[in-house]
Q: 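Okay, here's the structure, questions in a sec.
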Amino acid sequence: MQISSNGGLYYGQLGLQRSQQSLNQASTKVAEASTGRTSDGAREGIQSGLIDAKTSEINAKANARVIDTSNEVLGTLIDIKA
């Protein structure tokens, strides 16, 4: 039995990496807005950054569930095969 490298574990990990990158960008946006180094309004920048951070958190949790589910399915398949 061959296990594809493009399964749920791969996509879950990729999603977690993208969530981390998005969180880094959101954190930068909030930091820049709070120091007044942005051209738009600081309040708008902070709100936007916080919304992006929350979105990143939700995405990370969803991708973690994908990894958990893939792990459970893989364990079940191994148990069945054994």
Q: Determine, using the 4.5 Å side-chain heavy-atom cutoff (strictly less than), whether Leu23 and Leu16 are members of one ILVMFWY cluster.
A: no
Q: Using the side chain to side chain contact (heavy atoms under 4.5 Å, CB included) rule, take Asn59 and Ser22 through it: C-alpha gap first, then chi angles, then the decisive distance, then the call.
A: CA-CA 10 Å; Asn59 287 337; Ser22 178; 5.9 Å; no
Q: Kindly write out the residues that satisfy side chain to side chain contact (heavy atoms under 4.5 Å, CB included) with Ile51, not counting sequence neighbours, or none if the list is empty.
A: Thr55
Q: Would you say that Gln17 contacts Leu14 through its side chain, given a criterion of any heavy-atom pair below 4.5 Å between the two side chains?
A: yes
Q: If I take atom NZ from residue Lys61 and atom OG from residue Ser19, how far apart are they, to the nearest 0.5 angstrom?
A: 12.0 Å
Q: If you round to the nearest 0.5 Å, how far is CD of Gln13 from CZ of Arg18?
A: 12.0 Å
Q: For residues Ala53 and Ala26, report the shortest heavy-atom separation together with the two atoms involved.
A: N-CB, 3.6 Å
Q: Please evaluate residues Lys29 and Asp52 with respect to the criterion side chain to side chain contact (heavy atoms under 4.5 Å, CB included), reporting the C-alpha separation (whole Å), side-chain torsions for both, the decisive distance (0.1 Å), and the verdict.
A: CA-CA 9 Å; Lys29 190 185 294 185; Asp52 291 347; 2.7 Å; yes
Q: So, the side chain of Ser48 versus the backbone of Glu44: is there a donor-acceptor pair under 3.5 Å, distance only?
A: no
Q: Could you pull out every donor-acceptor pair under 3.5 Å between side chains of residues 64-76 and any protein atom, sequence neighbours left out?
A:
residue: Thr69; atom: OG1; partner: Arg65; partner atom: O; Å: 2.9
residue: Ser70; atom: OG; partner: Val66; partner atom: O; Å: 3.0
residue: Thr76; atom: OG1; partner: Glu72; partner atom: O; Å: 2.9

Q: Can any side-chain N or O of Thr35 pair as donor or acceptor with the backbone N or O of Ala31 at less than 3.5 Å?
A: yes
